[in-house]
Amino acid sequence: MDTDFKQLAKAANAIRRGIIRQIFHAGSGHPGGSLSAADIAAVLYFSEMRVDPQDPRSPGRDKFVLSKGHAAPMLYAALAERGYFPRAELDQLRKLGALLQGHPSVKIPGVEMSTGSLGQGFSVAVGMALAARLDGGGRVYVLLGDGELEEGIVWEAAMSAAHYKLDNLCAIIDWNGLQIDGRNEEVMTVAPIGEKFASFGFHALSIDGHSLPAIADAFAEARAHKGSPTVVVAKTVKGKGVSFMENEAGWHGKAPNAAEASQAMAELGGVL
Amino acid sequence: MAGKAVATRQAYGEFLVEKGQVAENLIVMEADLSKSTMTAGFAKAFPGRFFNMGIAEQNLYGAAAGLAGSGRVVCASTFAMFAAGRAFEIIRNSIGYTRANVKICATHAGITVGEDGASHQTFEDIALMRTIPGMTVLNPSDATSAKLLLGLAVDAEGPFYIRLGRLAVPLLYEADARLEIGKALRVRAGRDYTVIATGIMVYKALCAAETLAGEGLSVCVLDMHTLKPLDGAAVEKAAAETRGIVTAEEHSVIGGLFGAVSEYAAIHCPARIIPVGQRDTYGESGKPEELLRKYGMSADDIADAVRRLAGRR
């Protein structure tokens, strides 16, 4: 493949800086689960998906649904980097009257579905994949959190995706192992994830969710695979890229103060 | 009035097959009840545009939100209990908040589900759906108006909740009746009191009005087929031109028609309003007409409510 992974790494870093910047200025938000999915977002928006930021609703485009809607800063940073809206909007996240809502809203250019209530985005993605088949084109990507898999609707959606053999649908699980109240195994065990999806009829892949080539390869394999939907179980580190946030459940939904944000930006090669 | 009896769900099934022939953008979704909700006819005629999602109502409405758009309109059906009740939050966030072009066509509403009993008799659906911003809520009174209102709903953009029944009910309208979403229809003129009825209670209200005419009371009957947006002008007219209002619904007296009419009247036209409906309790198994009598939703109950307004009880 001739994918430029140096460029993708730069994009991932820019997305991470955008995440820190947004949540610092907002004073609230979810850094941990946004940072863990930044590499996945970089590959999707800068390599894998056929989208046009100048024409966000172009027919036949690929679609991305952020089912784990609390990672909105990751999505917004990726959309801003791709030029869907000015980067300056990132400083207005969660503020009254601002474009960028606390959780994704379809009013925002490039956002395909309003999400935030867990599990629903996966179900909506199933509908979008059925629609794409009727329309004769376009792939659908949906990103779920590991804790999100505890929602019952996820398995209703999984069953239907396999039933309708939606090979144009690719689910990605951001398996960072942590949810609000602690480690998955302490709160509610979700493992084994790949095996669960496989038993539902998915083509299941397991990867390092921070390896850009592994992510790109998984999407290529999903595209080539016919007859069933694919799930990419991406093992990730919550808070990835910011030393003091990594693997800390406490950074699920907390904003950094100025000193913390400055340190985080420095680690990511930027300034606040 | 009152010749043949046809269930509004029957009208829904016929509507889908007719509409499917001219509207290629019409998609129908189902949750394993196609022979009861009457979507089976569409499934047979247009298998490529029909999706059975199995016994999974949350996913039914989530996927419906994903399928709508790009010019498509989705009619997604199950029993009212599982649509408005079980899937409420999915409908609120994935259909309401996004203004998805989904028509929630919910059958088997109310106590006339009958023998299946309390677990399947919903009296809360109108109240739940009415609280969702931008949701249009329809409750047709007979099979003819059901077809006409379904046609208007499918041709309109945005989310709708359409309440349909299991029981065959008398036909009230001619096929060329002119219905408009958000406009109540006066189905009987009267000077003294107004019964504002919705759904199958419109026929009961007409029966009550006939009885009361024999007692010297002239009762106006309105078919409030649209619960939201409510026809406030019709409520104001009833309050101004008659001496009191009875609301009649096969639904809880909390949050449905009585709620909507009272909310409007409290602000714009204070009036005496007496509700006929399910009185904050669960139902039970039985025959539909027996249940309507036992739970206070018969024509006699409407007549009694008017007599109370008239000081005759």
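Lettering of chains follows the sequences in order, A, B, ..., and the numbering in each one begins at 1.
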| task | Give a yes or no on whether A:Arg82 atom CZ has more than 12 heavy-atom contacts from other residues, nucleotides or ligands under 6.0 Å away. | result | yes
| Which answer fits B:Phe51, side chain, backbone, both or neither, if we ask what part of it has an atom under 4.5 Å from a heavy atom of chain A? | both
| Going through the checks in order, is the side-chain contact (heavy atoms from CB on, under 4.5 Å) test met by A:Val140 and A:Leu166? | CA-CA 10 Å; A:Val140 180; A:Leu166 297 177; over 6 Å; no
| With only heavy atoms counted, which part of A:Leu130 is less than 4.5 Å from chain B, the side chain, the backbone, both or neither? | both
| query | So which of B:Asn52, B:Asn59, B:Leu67 has the largest heavy-atom pair count under 4.5 angstrom toward chain A? | reply | B:Asn59
| query | For A:Asn184 and A:Gln179, what are the C-alpha separation, side-chain angles and deciding distance, and is it a side-chain hydrogen bond (donor to acceptor under 3.5 Å, both in side chains)? | reply | CA-CA 6 Å; A:Asn184 297 149; A:Gln179 53 193 106; 2.9 Å; yes
| note | Of the listed B:Glu57, B:Arg49, B:Arg72, B:Met53, the one with the largest count of heavy-atom pairs under 4.5 Å with chain A is B:Arg72
| message | To check you understand the geometry: which heavy-atom pair defines the closest contact between B:Gln58 and A:Ser123, and what is its length? | response | O-OG, 4.1 Å
| task | Please check if atom CZ in A:Arg139 has more than 12 non-hydrogen atoms from other residues, nucleotides or ligands closer than 6.0 Å. | result | yes
| query | Given a strict heavy-atom distance threshold of 4.5 Å, which part of B:Glu89 is in contact with chain A: side chain, backbone, both, or neither? | reply | both
| said: Checking B:Phe46 against B:Phe42 for the ring-ring contact (aromatic ring centres under 6.0 Å, His included) test, could you report, in this order, the C-alpha distance in whole Å, the side-chain angles of both residues, the deciding distance, and whether it holds? | reply: CA-CA 6 Å; B:Phe46 311 102; B:Phe42 184 95; 4.9 Å; yes
| message | Quick check for you: among A:Val106, A:Val126, A:Asp135, A:Val154, which has the greatest number of heavy-atom pairs under 4.5 Å with chain B? | response | A:Asp135
| field | Which portion of A:Phe122 sits near chain B, non-hydrogen atoms under 4.5 angstrom | value | neither
